[in-house]
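See structure below.
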Amino acid sequence: MEQNKPQTEQELTQQAAVRRQKLADLCEAGHNPFEITKYAQDAYSADLKNEFADLPAEAETGKIVSLAGRMMSKRIMGKASFAHLRDQKGDIQIFVKRDLLGDEAYAAFKKLDIGDIIGVKGEVFRTKMGEISVRISELTLLSKSLLPLPEKFHGLTDREARYRQRYVDLIMNPEVKDTFVKRSLILKEIRAYLDEKGFLEVDTPILTPFEIGASARPFYTHHNTLNMDMVLRIETELYLKRLIVGGMDRVYEVGRIFRNEGMDPKHNPEFTTIELYQAFTDFHGMMDLVEEMYKRLALRVCGSLEITYQGKQIDMGHWERLTMVEAVKKYSGVDFNDWKTDEDAIAAAKEHHVELPDVPTKGAILAEFFDAFVEDKLIQPTFIYDYPVEISPLAKRKPTDPAFTERFEYFIDCTEYGNAFSELNDPIDQKARFERQVAERKAIEPDCKAQVDYDYVNALEYGLPPTGGLGFGVDRLVMLLTDSASIRDVLLFPTMKPIDQ
């Protein structure tokens, strides 16, 4: 890839060439910054500003601190100069005076470049202009920046470059870091909530022995020692439910998932999900859990149940609950209960210009009606439940109507955020559904390698208790709670096409 090719002298900008010469001069003088292994940092910018928020102008504190970070600006003013140092918590001004630092060290400071990483020691004070600053008595160059920072590294024209070079994006746009600090907080709060509920966090395999019959397309790799193809997982579900069989009644996994499919503002080939399973409850228990957890996250992360997402006000304090049949009737006027046969459903689909699924049954056509008429209306948090059995191979059938399953998905701003079931625990029914699913997949894609997971069926034969299960995407949730338009804005290193392609 082009970005990984070593640069030639001709490719280096004049500024970069000057910086390399400065490094060569430092090394020749015995001051190679890359030989320094550590620096005793004992304070941070934001903490100092908070500690001395009430300090009057031109006042001294007597407090000596050691700071370390990247120099983001520099103003040379004869015998005294100013610069700004950016550390983990923000920016702070440093005051560099030749008489205090010494002639040789001051001359070395004047040769520093924007972007260099430095360590400084000095006294905290407030300037005449009212800015908390550090009057430095020692300065150490810790790392030489060999490439100049861009003057501007933001805006739509540079968005691709920001994703490719996230390290520069984080340097130039500190607010980007806030998104990822919030992402970490969101994961921390989810774990805390589930841990309080008695769930156990576990890890399951990322490399799996074969492709299951689900519609998601996997990535393949090869295990050399075993001489076998393996698949990067498309879900964590089947391993987690094996643990429920084994008596681990409440489990969850924060799992990296891989799907060899399309990319758009809401999809990346690798993404993070959380799946959780709780024995002795059902999908209504999972609904209650989702609502309680999302309310807590909104309050902890955003400070309010009323949040703004892409210009829309979302009330996280109110969740509507509709069956899929009710939702389709509400938004399209079409009543599933009027369809007596698959042919009735096909006729209704043609009348309303709804796309027919590959296997056009009543239940599958109902789902197409939902996609066509309902999903783009669900701006406020909404649970849609009772899904057709045709599109829910792992969910338990409704005892009162076996054409439907105890499954829900929940939607916010016209987007699906999670999926939950009363888990299917009948091994005979599960085996039949798996085999039908694989057969239908192979009928559409004769060369696909999908197999039935008979070991999972074997696990069910030992007995899976009644269980509620839930899976939701972490990336979309972070998008929602940070008001981010694209999944790439909440992934530090999103998947990108190589520059030379």
Side-chain angles (χ1 to χ4, degrees), residues 214-216 235 237 266-267 273-278 281-295 297-298 309 312 314-339 345 348-349 352 354-355 357 361-424 467-473 476-477 479-480:
S215 59
E235 44 75 32
E237 178 173 356
K266 293 178 182 176
H267 295 89
T273 66
I274 293 179
E275 288 198 45
L276 58 98
Y277 294 87
Q278 179 179 340
T281 190
D282 64 1
F283 74 140
H284 289 293
M286 293 294 104
M287 274 192 219
D288 295 340
L289 184 149
V290 167
E291 187 168 346
E292 185 178 57
M293 180 170 62
Y294 273 58
K295 286 177 180 177
L297 287 169
Y309 184 69
K312 301 185 186 80
I314 307 292
D315 181 5
M316 299 293 280
H318 176 73
W319 293 67
E320 188 174 9
R321 301 188 181 197
L322 294 168
T323 68
M324 182 176 282
V325 170
E326 290 169 346
V328 167
K329 185 175 181 179
K330 176 178 179 179
Y331 290 105
S332 75
V334 173
D335 191 345
F336 173 87
N337 296 310
D338 293 338
W339 301 343
H352 289 83
V354 170
E355 185 176 343
T361 61
K362 287 167 56 179
I365 290 170
L366 176 68
E368 293 290 345
F369 265 87
F370 176 81
D371 291 346
F373 287 97
V374 181
E375 187 167 348
D376 64 355
K377 312 295 193 305
L378 305 180
I379 294 172
Q380 297 304 319
T382 306
F383 292 107
I384 302 294
Y385 65 101
D386 289 2
Y387 273 52
V389 69
E390 294 95 323
I391 61 169
S392 309
L394 292 161
K396 183 175 283 193
R397 293 176 191 264
K398 289 183 68 64
T400 55
D401 188 350
F404 289 88
T405 62
E406 294 198 342
R407 173 189 177 188
F408 72 81
E409 291 180 308
Y410 56 100
F411 297 81
I412 304 169
D413 189 37
C414 316
T415 299
E416 180 254 315
Y417 275 80
N419 188 21
F421 308 148
S422 294
E423 299 299 329
L424 179 60
T467 298
L470 165 69
F472 60 95
R476 286 188 185 179
L477 175 57
M479 287 170 63
L480 178 70

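Relative ring orientation between Phe369 and Phe373 is described as parallel, the plane-to-plane angle staying below 30° on a 0-90° scale split at 30° and 60°. Using bins of under 30°, 30° to 60° and over 60° for the plane-to-plane angle, the ring pair His284/Tyr385 lands in the perpendicular bin.
Formation of a donor-acceptor pair under 3.5 Å by the Thr415 side chain with backbone atoms of Asp413 is found in this model. Put simply, the side chain of Glu409 never gets that close to the backbone of Glu416: no donor and acceptor are under 3.5 Å apart. Between the side chain of Thr382 and the main chain of Phe411, no donor-acceptor pair closer than 3.5 Å is present. Without hydrogens or angle criteria, Lys312 side chain to Ile379 main chain gives no donor-acceptor distance under 3.5 Å. Distance alone, capped at 3.5 Å, is enough to place a donor-acceptor pair between the Ser422 side chain and the Phe283 backbone.
Closest heavy-atom contact between Glu406 and Asp282: OE1-CB, 4.3 Å. Across all non-hydrogen atoms, the minimal contact from Gly363 to Pro388 is O-CG, 3.2 Å.
No side-chain donor from either of Tyr294 and Tyr417 sits under 3.5 Å from a side-chain acceptor of the other.
One distance of note links CD1 of Ile384 with CG of Asn419; it measures 12.5 Å at 0.5 Å rounding. Taking OH of Tyr410 as the reference point, atom CZ of Phe472 lies at 5.5 Å (rounded to 0.5 Å). Distance check: Asp401 CG to Asp386 CG gives 8.5 Å after rounding to the nearest 0.5 Å.
Aromatic ring centres of Phe336 and Phe404 lie closer together than 6.0 Å.
Pairs engaging residues 314-339 under the salt bridge (charged side-chain N to carboxylate O under 4.0 Å, His left out) rule: Asp288-Arg321, Glu291-Arg321, Glu320-Lys330, Lys329-Asp335 [sequence neighbours left out].
Side chains of Tyr331 and Asp376 form no contact here, defined as non-hydrogen atoms less than 4.5 Å apart.
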